[in-house]
Undergrad: 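My questions all concern the structure below.
FYI, side chains are in, hydrogens and waters are out, and symmetry mates aren't considered; it's all heavy atoms of this structure.
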2 protein chains.
Amino acid sequence: MPADRGLAVSQECADCPIRHRAVCARCENDELQQLEDIKYYRKFEAGQNVIWSGDRMDFVGSVVSGIATLTQTMEDGRTQMVGLLLPSDFVGRPGRDTAPYDVVATTDLVMCCFRKKPFESLMVSTPNIAQRLLQMTLDELDAAREWMLVLGRKTAREKIASLLSIFARRDASINMSMATGRIVFDLPLTREAMADYLGLTLETVSRQISALKRDGVIELEGKRHVTVPDMDLLLEEAGDDSDGGMLV
Amino acid sequence: MPADRGLAVSQECADCPIRHRAVCARCENDELQQLEDIKYYRKFEAGQNVIWSGDRMDFVGSVVSGIATLTQTMEDGRTQMVGLLLPSDFVGRPGRDTAPYDVVATTDLVMCCFRKKPFESLMVSTPNIAQRLLQMTLDELDAAREWMLVLGRKTAREKIASLLSIFARRDASINMSMATGRIVFDLPLTREAMADYLGLTLETVSRQISALKRDGVIELEGKRHVTVPDMDLLLEEAGDDSDGGMLV
DNA sequence: CGTCTACTTGAACACGATCAAAACGAGTGG
DNA sequence: CCACTCGTTTTGATCGTGTTCAAGTAGACG
């Protein structure tokens, strides 16, 4: 178990890639300075646990790059992913000190961490941080509720299409591929991780991906490289309103 | 469609039953006074819609008494309940003006409402409100994620047991029935509403309740009156850690 | 090559859904 | 008091989606 490299990334908040989306988004320069004083970076390798459920948590932080998952596990081993952490997402809960879920790095991961105690003090003295955190938490609550519909009522095919839409949408907003209509991305999760997110088995995930490929909804190169020729078609397969719920 | 009685409950915040649990929990007397200035009560009858998905929302508020549900519906009619609103729970989102879900009164319901604009101003000027709302939102996020495990990985029997545990736990904390070991309560939801919460059909709900009764996990008088002779047994059926995750 | 791990595919099964009918309880009116 | 309706719930029979168990393929790395 190779420890994370001690001397990690060093970076100015000013040119941080998640500057305008993370908890610090609303901070003024002086507030940013205060955060800078208590922050440090940590790197994790793909597959590494960031936090173990039940462990004491003495930091909170933001995902800078890479992807992590939040998962819950029952005694008999059944696991359910309850959150997908993308760059700018926040980890940890001010005011609680043991972690309720496992946090696992799915890809190589860089996190911007704050020691919990000083961060909690800042929360009180800096409304811009608390307000941003409230906003982000409300967004996550909406996402969690949307996912409850997926888990409770959608078919396996719709579930897969829903998950692919999430990746496709995220990628479209980064790569500006809207123009061409074709969206291309790499799946950041294994079939098993997808199954854990969707409440399915990995075999069913595999079968449904094959089916969507066979039906021309997606194209596959290798196991991970996906092309979506027609986003509207994918959304239809996902069972979402085609006239896109523009919550953004 | 009988309108809600215009002249509704009038009440002092000081002797409000949800005073220490709602958004206002942390407020000092002067802050409470400011809330009192912008609040008004509304009553809804069982079955009435409080809010329709997509509608403009010009108020936020707290459930004072009764039970309401948050539900999401797909075009083809499949519905999933995404939240259960009990007394002291908060409805509405500062900073957003169209409702993302239907809110339906399941029993007769009293809400303490605040006009949205003034409330948003108070949020900025009164950290105690914003902080309490953040705390409550984080709790709801935890609850939503717990429910994702129920929806994604539990069997029908475990789902029913999980739902019954929620009601039982809530009731135990009110009635102090811990002593006797027997917990008694009335189901606040129809079989159909339970099905919508659990991602099942109402027939399956009915069958599993019958099965739990047959196996002595619960006792039933009529359709709604439930007795739990052994809470540990119920929790075991729900698939939860028997040594109770004491998050309280 | 051999050995991983990740993924795919097949066959049989089981759980929960679906369709259908009947029981129950509360309310209404003769 | 019984007959009637209406909404909720129970129970039964059959069906289908997704699971389970099992074998096999593909690609990476030694």
Side-chain angles (χ1 to χ4, degrees), chain A residues 45-48 69 74 76-80 104 106-107 150-164 186-215 218-226 237 239, chain B residues 45-48 69 74 76-80 104 106-107 150-164 186-215 218-226 237 239:
Chain A
E45 291 171 21
Q48 236 185 332
T69 62
M74 296 171 67
D76 62 7
R78 282 177 281 176
T79 72
Q80 174 66 49
V104 182
T106 292
T107 64
V150 173
L151 290 173
R153 292 301 185 193
K154 292 197 177 179
T155 64
R157 172 182 262 243
E158 289 169 332
K159 284 179 174 183
I160 296 291
S162 298
L163 184 57
L164 293 175
D186 282 312
L187 286 173
L189 301 180
T190 65
R191 300 290 187 265
E192 188 180 21
M194 288 190 250
D196 283 344
Y197 203 3
L198 296 167
L200 297 171
T201 59
L202 66 90
E203 293 95 330
T204 300
V205 170
S206 181
R207 271 185 252 274
Q208 295 298 335
I209 288 182
S210 300
L212 288 174
K213 177 184 174 186
R214 174 169 40 69
D215 299 344
I218 58 172
E219 292 157 23
L220 264 183
E221 273 177 273
K223 315 292 189 186
R224 298 291 193 91
H225 194 74
V226 178
E237 290 288 353
Chain B
E45 291 171 22
Q48 240 187 327
T69 62
M74 297 172 67
D76 62 7
R78 281 177 282 177
T79 72
Q80 175 66 49
V104 182
T106 292
T107 63
V150 173
L151 290 174
R153 293 301 185 194
K154 292 197 177 179
T155 64
R157 171 182 263 244
E158 288 170 334
K159 284 179 174 183
I160 296 290
S162 297
L163 183 58
L164 293 176
D186 283 312
L187 286 172
L189 301 180
T190 64
R191 300 290 187 265
E192 188 180 22
M194 289 190 249
D196 283 345
Y197 202 5
L198 297 167
L200 298 170
T201 59
L202 65 91
E203 293 95 329
T204 300
V205 170
S206 179
R207 270 187 251 275
Q208 295 298 335
I209 289 182
S210 298
L212 288 174
K213 177 182 172 186
R214 175 170 36 71
D215 299 345
I218 58 171
E219 292 157 22
L220 266 184
E221 273 177 274
K223 313 293 188 187
R224 297 291 191 90
H225 194 74
V226 178
E237 291 288 352

Undergrad: Within the structure provided, determine whether A:Leu164 and A:Leu187 are in side-chain contact (heavy-atom separation under 4.5 Å).
TA: yes
Undergrad: Identify, with sequence neighbours excluded, every residue that meets side-chain hydrogen bond (donor to acceptor under 3.5 Å, both in side chains) alongside B:Thr106.
TA: none
Undergrad: How close or far is atom P of C:dA6 from atom CG of A:Leu220, stated in whole angstroms?
TA: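 Taking atom P of C:dA6 as the reference, CG of A:Leu220 is at 18 Å.
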Undergrad: Please examine the side chains of A:Arg153 and A:Glu158, heavy atoms only from C-beta on, and report whether any two atoms are closer than 4.5 Å.
TA: no
Undergrad: Name the residue from B:Thr204, B:Ile209, B:Asp215 that meets the side chain to side chain contact (heavy atoms under 4.5 Å, CB included) definition with B:Arg157.
TA: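 Going through the options one by one, the only one that passes is B:Asp215.
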Undergrad: How would you label the contact of B:Thr190 with the nucleic acid (heavy atoms, under 4.0 Å): base, sugar-phosphate, or nothing?
TA: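 Sugar-phosphate contact only.
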Undergrad: Rounded to whole angstroms, how far apart are CG on A:Leu200 and C1' on C:dC15?
TA: 15 Å
Undergrad: Is it true that, when you exclude A:Glu192 itself, more than 12 heavy atoms of the residues, nucleotides or ligands shown sit nearer than 6.0 Å to its CD?
TA: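 Open: at most 12 neighbouring heavy atoms sit under 6.0 Å from CD of A:Glu192.
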Undergrad: Measure CG/B:Leu202 against C1'/C:dA17 and give the value in whole Å, please.
TA: 11 Å
Undergrad: Heavy atoms of chain A, cut-off under 4.0 Å: which first and last nucleotide of DNA chain D, 5' to 3', fall inside that, if you could look?
TA: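 Contact span on the strand: D:dG18 to D:dC21.
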Undergrad: When the nearest nucleotide of DNA chain C is assigned to A:Gly222 and to A:Arg153 on a heavy-atom basis, which residue is associated with the more 5' position?
TA: A:Gly222
Undergrad: In this structure, how many angstroms lie between the P atom of C:dA6 and the CG atom of A:Asp186, rounded?
TA: 17 Å
Undergrad: Identify, between B:Gly199 and A:Ile209, the residue whose nearest nucleotide on DNA chain C lies closer to the 5' end.
TA: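 Going by which nucleotide is closer to the 5' end, it is A:Ile209.
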Undergrad: Round to the nearest Å and state the distance from A:Lys154 atom NZ to C:dA17 atom P.
TA: 18 Å
Undergrad: So do A:Thr201 and A:Arg191 actually touch side chain to side chain, heavy atoms under 4.5 Å?
TA: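 Counting from C-beta outward, A:Arg191 and A:Thr201 never come under 4.5 Å.
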Undergrad: Grab the CZ-C1' distance between A:Arg191 and C:dT9 for me, whole Å please.
TA: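 Whole-Å distance recorded here is 13 Å.
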Undergrad: A side-chain contact here means heavy atoms from C-beta on lying under 4.5 Å apart; do A:Leu189 and A:Thr69 qualify?
TA: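 In short, these two side chains touch, coming nearer than 4.5 Å.
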Undergrad: Answer whether the closest heavy-atom distance between the side chains of A:Asp186 and A:Val226 falls below 4.5 Å.
TA: no
Undergrad: Base, sugar-phosphate, or nothing for B:Arg224, non-hydrogen atoms under 4.0 angstrom?
TA: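 Sugar-phosphate contact only - B:Arg224 comes under 4.0 Å of backbone atoms but never of a base.
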Undergrad: Is there a donor-acceptor contact under 3.5 Å from the side chain of A:Gln80 to the main chain of A:Asp196?
TA: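 At least one qualifying donor-acceptor pair exists.
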Undergrad: Give every pair of a protein N or O atom and an N or O atom of nucleotides 18-22 of chain C that lie under 3.5 Å apart, one pair per line with the distance.
TA:
{"unit_1": "C:dT18", "atom_1": "O4", "unit_2": "B:Arg207", "atom_2": "NH2", "d": "2.9"}
{"unit_1": "C:dC19", "atom_1": "N4", "unit_2": "B:Glu203", "atom_2": "OE2", "d": "3.2"}

